[in-house]
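These notes concern the structure reproduced below.
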Amino acid sequence: MDYRIENLYKSYGQLEVLGGLSMELEQGRVSVLLGPSGCGKTTLLNILSGLDKDYHGSIGQLAGMRSSYVFQEDRLLPWRSAVENVAMVLHEHAEKAQALVLAQKALALVGLSDSASLKPSAMSGGMKRRVALARAFAYPSDMLLLDEPFSSLDIKTRISVMDLFLSLREDDGRTAIVVTHDVREAIYLADRIFTLSDKPAVLKSCTNVSLGRQERAYASATAASLEAQLYQLLLE
Amino acid sequence: MDVHANRPIARSGYAILSAAVLFAVWKLFSVATASDIILPPPEKVARVFFGLFAESRFLTALGATCVRGLWAFGLSMLIGGITGFASGASRRINALLGPALLVIRATPVLAIILLALIWFPSGTVPVFSAVIMAFPVVMADVAQGIGSADPKLVQMARLFGMNQTSIAMRVRLPSALPHIVAAAKSALGLSWKVVIAGEVLSQPQYALGTGMQSARVMLETTEVFAWAAAGIVLCALSDAAFALLARRFSWTTV
C-alpha cells in the first residue's frame, strides 16, 4: 500500500517552499527525498511529523500517524546517560522500570549494551548517532522520519551506521522517510528515490531502486548509471 | 594568554600570592599609621578572631546570623525561583514583573533597611532586607535559565510526544540547573552581606552585625575587623560549596 501526498503547498510569507508537491510513499519501505539544500525537504518532514500544520493540500493517511525522528544533530540530553536518553521518550508509554528495560534492549540492538551508562559527552559521534537510532526505533511509532541523519559522520562511521539503520529497519518493517542531499547516500538507503526541484519544491522524478546491498556499496555499473542519472536531474 | 594560569596548581599558587600581597599591604599601612584604632595589624586581628571562638556571645551571634542568612537565602530562592520560572516561561509575566524588578534593583540597600526598621521587629529586618535584595537576582538567573533551554531539544521532546509538563520537568528544568546554581551562589553571598548590614542598623540581641557595631562604638577596631572576618568566612565557605555544586551541574556553560 502507498501513502499519498497530494498537492502540498507551503509558504513562509512571500517565500513559497512547497509548490504543489505530490508523491506516493511505499508503506514498510525506505523512501528517500533527494533535493538541493534548502529546497523544502525538512519542511515536508515537519508537516509529516505534525510539527507544522499550516499548509495546503493533503498528506492522506500520514496525517495523525505517530513518528520517530532522527535529526541532523544527535539531540541527546547532555545530562542523561545513553539508556536514560532512550528511556525518556518511552515514559509516556511504559512504567519507568519497564522503559529502562526497553531502552536497554534498544541499545543492545545498536551494539551499545556496554555503553548504556555513558553520557553524550563521553561518546563518539558514531555512538551518539547509534543512541539516536535506538531512541527512534524504541519509540512506538508508525513511521521513521530521518532528516539528513548521517551527514555529519565520517565516511567509515557513516557506512557502518547506515548499515545498522538498514538492518534494524528491515527487521522492524516500519515505513521510513529519509531526507538527504547526498546522491550516494540516497542510492545506498532507498527503496524509492524522490528527486525534488529547488524552491518551490515539486516532484521531478520517482525512481525505484532494486539494487542489492553489495551493488550499492561498491558502486556497480548499474549504481553508477543511476548516480549519473540522479546528478543530471539535480543539476537540471 | 597565559595558558599555565588555567592549571589548578598554578591557580592556587596565584591565590596564595594574591593573599600574601594583600596581607603585606595591610601590614605596611598598619605600621605606617601606627595606630590600632585606625588600622590594626593582620596578626592581631587574627589573634582576636580566633579568640572570639572561645566566647559564647560570639558563637551565639554567629549562630543567629547563620539562621537569618539561611532564612533569607531560602526565601529568596523560593520567591525568586517561582517568579523566575514564570517569567522565563511566559513573556507576558516577564513584561509584567520587569518594571517592579527594576525599581527594587535600583533601590539602595540602606533605603530598604531603613524602611524595614519602621515596619518590622529588629530580628526580622535583616532577613526582609536580604530577601528584597537577593530574590531579584535569583529571579533573573532562573528566568534566563528557563529561557535558555536548547530549542532543538525542546522540539525533539515535542516530536517524541512529550507533553508540556514533561518537557518542563525533563528538559527545561535540567537546562536551567546550572543557572539556578549560579543564582543560589549569588543569593547566598548577597544574603550574608545584607543580613549583616541589616543587623548593624537594627541591632538584634544576638548578631554578628550587633557585635560589629558594639565594637565600633567602643572604638575596638581590631574587634570590628574580627567580627567582619566571620562574615567574610561565611561568604567564602558558601562560595566554595557552590563551586563544588557548579562542577556537578556543568553540562552547560553559564
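Naming: A, B, ... by sequence-line order, numbering from 1 per chain.
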Between [Y] and [X], does any NZ, NE, NH1 or NH2 come within less than 4.0 Å of an OD or OE carboxylate oxygen?
X        : Y        : result
A:Glu16  : A:Lys10  : no
A:Asp172 : A:Arg174 : yes
B:Glu199 : B:Arg68  : yes

Region of B:Asn163 that comes under 4.5 Å of a non-hydrogen atom in chain A: both
Which atoms of B:Arg158 approach chain A - backbone, side chain, both or neither, heavy atom under 4.5 Å: side chain
Less than 4.5 Å to any heavy atom of chain B: does that hold for the side chain of [X], its backbone, both, or neither?
X        : answer
A:Leu76  : backbone
A:Ser121 : neither
A:Arg135 : both
A:Tyr139 : side chain

Heavy-atom check, side chain of A:Met88 versus side chain of B:Met156, under 4.5 Å: yes
Whether over 12 other heavy atoms sit under 6.0 Å from B:Arg172 CZ: no
Side-chain donor-acceptor pair present, A:Ser81, A:Glu84, cut-off under 3.5 Å: yes
Option that, when pairs with chain A are counted at under 4.5 Å, heavy atom only, ranks first among B:Asp150, B:Leu159, B:Val171: B:Leu159
